[in-house]
Amino acid sequence: MNYAELADSLRKAMEKQDVVALESLVAEFQPADLAEFLRHEAVEVSLKLLAHLDIEERAEVFGYLPLNTQFQVSELMTAEGLAQLLNCMDSDERADLFNIMDEDRQTSVLKLMAQEEREDLRRMASYEDETVGAIMTSNYASVPVTDTVLQALDKIRKTAPDAETIYQIYVLDKLHRLAGTISLRELIVSRPTALISDLMETELITMSPDQDQELAAKMISRYDLLALPVVDSQHRLVGIVTYDDAMDVAEAEATEDILKGGSVGGLEGSFKDATIFMLYRKRIFWLLLLVFANIFTAAGIAIYEDTIAKYAVLVFFMPLLIGSAGNAGSQASTLMVRGLGTGDVKLSDWAKLFGREILVALALGLTMAFAVAFIGHFRGGMEIAVIVALSMVAVVMLGSLLGLSLPFVLHKLGLDPATASAPLVATIADAAGILVYFGIATAILGV
């Protein structure tokens, strides 16, 4: 059965309280699919359905749930049940859950965990949010540098069930320092008596636990790695960041940038579960700021009241022109923010990009001016057509260059370039566009 059919059958079994059918259906789900089903159910229901799985399967499904859902379900568990679950979860996932528990709950759970797991959890939970340490896992496959291929394969067979990935094996010396890496494929095809030290790769890409997690995602993407080793100041291996964790980070960072691009603060948890107050709080600041920024647009109109009074036809083109300025600025800003975010663009590239944008904006402005000049001539004659055409070229160039430059300025000041969002650039371009438009009109019409 596919997901939809399984979900429908499971709901029917829940309605009938058919325990046998529930156990059978829950077991048929893929872990990620079952987690998706549980996301839409009450936490009490989720806890009951998870109870039909053995502890290892339960931990795997639990790991796919959003963190806030994990917390809600864990609050209904006994300390013993939660300790068992944490023992079987991936080290990075259980650390995230552990960090949002209250101190009493943390203490009671730690007392019930094995010492090795307890110490690992404490260490993993000690890393700051959004650092490499916060997303790495300590479940990796390693072998001593002195082993032969045969000895290494024997060790991997014993440790493989607990490892996050076994395709990349980490070679350690006696002090647990990272000496190199070797792929599982290399081990399989090599002679059993060959030494690991002769086969391992020693040119390594590593990171430290306190570096930014976004950088780890970029490194994994750039070098096409399955996992990235994390070492401390003594070059001892403390964990690895896997490809799937890096993709989660990339998705989270992209979501944050998209929200900033819409002048919305970052949400805690999912949009579906956000409270009314949270949505209000995350949106009101920028809306208020942009309201007051629009006062400059109104002030620009007020300056040229005489021109508007004599030539009311100019008002017809005002939304068209300032909208074009904002749209052009938003396009340029979006391209630049993304370029800075991916590392494709550096601060040293500004002069080159600025010169190129002048030519691009000029071409865009001339094309748009040609399109609106006919409307200007139809509505107000040749003078109005010239004013509209010149203004279109000027405001498109102004908006484009503003959209290109503002992310650079913010980046130079140490601020997030994503703050140069479309609404912010559009608002500034609107105010400047009004002044340019009516300034050109006043000069040509001699008002």
Side-chain angles (χ1 to χ4, degrees), residues 263 286-336 350-351 353-410 420-447:
S263 296
W286 278 105
L287 286 177
L288 283 175
L289 183 64
L290 294 173
V291 162
F292 287 105
N294 279 316
I295 290 175
F296 293 102
T297 303
I301 296 173
I303 293 172
Y304 293 102
E305 283 181 344
D306 293 339
T307 301
I308 295 171
K310 291 183 179 179
Y311 296 92
V313 68
L314 294 173
V315 177
F316 176 84
F317 296 97
M318 188 171 68
L320 182 150
L321 289 167
I322 64 174
S324 297
N327 291 338
S330 297
Q331 285 183 336
S333 174
T334 299
L335 290 169
M336 191 51 51
W350 182 81
L353 295 176
F354 190 85
R356 186 181 68 181
E357 189 64 22
I358 289 175
L359 297 177
V360 173
L362 179 61
L364 293 172
L366 288 171
T367 304
M368 296 170 73
F370 182 77
V372 299
F374 293 102
I375 303 174
H377 187 272
F378 174 75
R379 292 284 301 181
M382 183 56 68
E383 279 189 324
I384 299 299
V386 171
I387 291 169
V388 172
L390 289 175
S391 298
M392 180 62 78
V393 174
V395 299
V396 168
M397 291 191 67
L398 178 66
S400 297
L401 296 176
L402 175 67
L404 178 96
S405 302
L406 189 55
F408 268 106
V409 173
L410 292 173
S421 58
L424 178 60
V425 170
T427 300
I428 298 173
D430 287 353
I434 284 291
L435 295 174
V436 169
Y437 174 42
F438 287 117
I440 290 173
T442 301
I444 291 177
L445 297 172
V447 180

Task: Distance-minimising heavy-atom pair for Phe317 and Gly376 - done: CZ-CA, 3.4 Å
TODO: Start with the C-alpha distance between Phe354 and Ile358, add both sets of side-chain angles, then the distance that settles side chain to side chain contact (heavy atoms under 4.5 Å, CB included), and finish with yes or no.
DONE: CA-CA 6 Å; Phe354 190 85; Ile358 289 175; 3.7 Å; yes
Open item on the list: To the closest 0.5 Å, what do you measure between CE (Met392) and CG (Leu321)?
Closed with: 5.0 Å
Task: Gap separating the CD1 atom of Ile434 from the CD1 atom of Ile303, nearest 0.5 angstrom - done: 10.5 Å
Open item on the list: Testing the basics here: between Leu398 and Ala432, what is the closest heavy-atom pair and its distance to 0.1 Å?
Closed with: CD2-CB, 3.2 Å
Open item on the list: I need the Met336 CE to Leu410 CG distance, nearest 0.5 Å.
Closed with: 12.5 Å
- [ ] Indicate the atoms forming the closest heavy-atom contact of Ala441 with Leu314, along with that distance.
- [x] CB-CD1, 3.9 Å
Task: For Ile444 against Glu383, the heavy-atom pair lying closest together - done: O-OE2, 4.3 Å
TODO: Report yes or no: does Ser391 contribute a side-chain atom to a donor-acceptor pair with the main-chain N or O of Ile387 at less than 3.5 Å?
DONE: yes
TODO: Calculate, to the nearest 0.5 Å, the distance between atoms CG and CG belonging to Leu364 and Leu359 respectively.
DONE: 11.0 Å
Task: Which atom of Leu402 lies closest to which atom of Ala429, heavy atoms considered - done: CD2-N, 3.8 Å
Open item on the list: As an exercise, state the distance from OG1 of Thr307 to CD1 of Ile440, rounded to the nearest 0.5 Å.
Closed with: 12.5 Å
Open item on the list: Just verifying a value: how many Å separate Leu404 CG and Leu335 CG, rounded to the nearest 0.5 Å?
Closed with: 9.0 Å
Task: Val372 vs Leu320, side chain to side chain contact (heavy atoms under 4.5 Å, CB included): CA-CA, chis, key distance, verdict - done: CA-CA 9 Å; Val372 299; Leu320 182 150; 3.7 Å; yes
- [ ] Kindly give the heavy-atom pair with the smallest separation between Val425 and Gly403, and that separation in Å.
- [x] CG1-CA, 4.0 Å
Open item on the list: Using modelled atom types and a 3.5 Å cut-off, is there a donor and acceptor pairing between side-chain atoms of Tyr437 and backbone atoms of Val395?
Closed with: no
